[in-house]
Protein chains: 2
Amino acid sequence: MFYMKELPNEEDFRPLVPEYSSLDTSSVMLFYLFLQVGSDMLTAFETYLANHGVSQGRFIVLLLLLRSQMRNNGSGLSPSELAGQAGVTRATMTGLMKGLQRDGLIERFSHDGDRRKVIVRLTPKGKESLNAIFPDYYARIAELMNDLEDDEREGLSRLLHKVKDKMYSSKLAPAAGARG
Amino acid sequence: MFYMKELPNEEDFRPLVPEYSSLDTSSVMLFYLFLQVGSDMLTAFETYLANHGVSQGRFIVLLLLLRSQMRNNGSGLSPSELAGQAGVTRATMTGLMKGLQRDGLIERFSHDGDRRKVIVRLTPKGKESLNAIFPDYYARIAELMNDLEDDEREGLSRLLHKVKDKMYSSKLAPAAGARG
DNA sequence: AATTAATGCTATGGGGCCTAATTATATGGG
DNA sequence: CCCATATAATTAGGCCCCATAGCATTAATT
């Protein structure tokens with residue numbers, strides 16, 4: 001999370017400019033603005049999801065399971081696969097699943113053929129939960145983007161991809177750890 | 001934090017479109033792309049800061065204190081003001097300060113005139129810590145934005161502001177709680 | 001003086017995340 | 001066939017961030 005109620009302005013940076021040759025004020029201000037908008041969006045949707053009894057992390061697990069079931073007819077995913085796709089360690093995924101299973105949103109089955117493995121699937125209740133969340137969830141996203149014209153959406157998408165590509169082509173990418 | 005290694009693509013949404021009238025695929029994909037890029041940036045810089053022994057939350061406290069000291073000559077801030085500016089509760093700020101004080105980066109003084117209040121200031125070590133972080137920190141940000149031309153930066157900034165304004169003018173803004 | 005408000009703190013609890021160790025199972029080479 | 005190694009999932013323990021609720025202290029209001 002990133003939050004500062006009042007972002008630094010140009011004046012705040014002025015005394016630092018002569019001191020730090022690497023400081024590019026416009027870059028930093030853009031960077032902060034980006035993080036602030038992203039954090040605010042995330043917080044807003046986290047609050048919305050919390051009202052439905054799920055956290056961001058759990059919601060992502062539900063989304064991954066739904067996608068898997070739609071893509072290949074209900075075969076389910078293993079905790080390992082879930083952890084890889086969600087970008088967390090297996091231990092973290094165990095914790096997320098624990099809560100989801102306690103709440104009856106997912107089920108764990110053992111894999112025939114490899115008894116080390118577990119197969120995770122959405123329960124009917126899990127699907128219902130997503131069904132309850134989706135309409136308003138999508139409506140909020142649509143409303144948020146509503147003021148952007150088609151060309152603005154394309155422009156934003158292009159710029160986001162540009163920053164993203166830069167992040168991965170330089171040494172700025174997320175830590176190698178869980179997100180590799 | 002938001003993370004999905006592989007974002008949903010158009011095909012993933014196709015079966016949902018007839019089911020949810022509020023689903024606007026291009027909005028949702030843009031939304032996810034935004035969150036992913038923001039999360040990756042945040043994670044990358046969190047990792048960088050962690051190498052310097054501070055978390056995002058603590059770093060923001062240090063930034064707020066530095067700004068305050070530069071703006072009005074070292075008067076410092078109270079925990080209440082810090083909490084307000086950082087968007088957390090006073091209790092949370094107490095915890096952040098506890099760690100920062102333990103590490104010797106901040107000091108707490110009592111306020112003459114209002115004995116309920118505390119005044120928080122950066123220690124010399126706190127300033128040194130920021131001095132150690134800044135050069136590379138700014139360089140990374142500059143590098144990240146390096147590929148964006150001036151007009152692209154302006155465009156991105158404009159679009160970010162547009163989304164931000166939309167968020168605050170609709171009911172999508174962050175929870176009233178701590179961030180009001 | 002008595003009420004109300006503000007400040008900072010503690011206690012408690014949850015979520016998310018990690019590393020390290022453990023248990024169970026597979027697999028491949030000798 | 002057996003042992004070493006690898007893989008899967010979990011548990012244990014810990015840290016950080018964050019919130020709510022309650023408390024003591026001090027100030028402000030009336």
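Quick caveat, the model's predicted, so the values are computed rather than measured.
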Checklist entry - What do the steps show when you test F45(B) against F2(A) for ring pair (Phe, Tyr, Trp, His ring centres under 6.0 Å), and what is the final call? => result CA-CA 11 Å; F45(B) 280 88; F2(A) 174 89; over 10 Å; no

Next on the checklist: In whole Å, I'd like the distance from the CG atom of L100(A) to the P atom of dG15(C).
Outcome noted: 11 Å

Next on the checklist: Closest approach to the side chain of A91(A), judged atom by atom: which nucleotide of dA6(D), dT11(D), dT10(C) is it?
Outcome noted: dT11(D)

Checklist entry - Which residue, Q56(A) or V118(B), contacts DNA chain C at a nucleotide closer to its 5' end, judged by nearest heavy atom? => result V118(B)

Item to check | N or O in side chain of T89(B) less than 4.0 angstrom from dC18(D) OP1/OP2 | outcome: no

Checklist entry - Rounded to whole angstroms, how far apart are CG on D114(A) and P on dT27(C)? => result 6 Å

Checklist entry - In whole angstroms, how far is the C1' atom of dT19(C) from the CE atom of M93(A)? => result 17 Å

Checklist entry - Within the pair T92(B) and dA19(D), is there a side-chain N or O less than 4.0 Å away from OP1 or OP2? => result yes

Next on the checklist: Taking any heavy-atom pair under 4.0 Å as a contact, classify T94(A): base, sugar-phosphate, or nothing.
Outcome noted: base

Checklist outcome for this item: When rounded to whole Å, the CG to P distance for the pair L96(A) and dA9(D) reads 15 Å

Next on the checklist: Distance check needed: dA5(C) P versus K117(B) NZ, whole Å only.
Outcome noted: 17 Å

Checklist entry - Is any side-chain N or O of S78(A) closer than 4.0 Å to OP1 or OP2 of dA8(D)? => result no

Next on the checklist: What is the distance, to the nearest angstrom, from the CZ atom on F2(A) to the P atom on dC18(D)?
Outcome noted: 12 Å

Checklist entry - Do Y168(A) and D40(B) have a side chain donor and acceptor closer than 3.5 Å? => result yes

Next on the checklist: Pairing donors with acceptors under 3.5 angstrom, does anything connect the side chains of R153(B) and S26(A)?
Outcome noted: yes

Checklist entry - In whole angstrom, what separates E46(B)'s CD from dC15(D)'s P? => result 18 Å

Checklist entry - Can you check the R115(A) CZ to dA26(C) C1' distance for me, whole Å? => result 11 Å

Checklist entry - Which listed nucleotide (dC17(C), dT7(D), dG16(C)) is nearest to the side chain of R116(A)? => result dT7(D)

Item to check | Any side-chain donor near an acceptor of the partner, R121(A) and Q69(A), under 3.5 Å | outcome: no

Checklist entry - At under 4.0 Å between heavy atoms, what does R90(B) touch on the DNA or RNA strands: base, sugar-phosphate, or nothing? => result base

Checklist entry - Among dA12(D), dG16(C), dG8(C), which is the nearest nucleotide to the side chain of R58(A)? => result dG16(C)

Next on the checklist: When you compare the side chains of R14(B) and T25(B), does any donor N or O come within less than 3.5 Å of an acceptor on the partner?
Outcome noted: no

Item to check | Nearest-neighbour nucleotide for the M97(B) side chain, dC9(C), dA9(D), dC18(C) considered | outcome: dC9(C)

Checklist entry - So, is R108(A) close to the dT10(D) phosphate, meaning a side-chain N or O under 4.0 Å from OP1 or OP2? => result yes

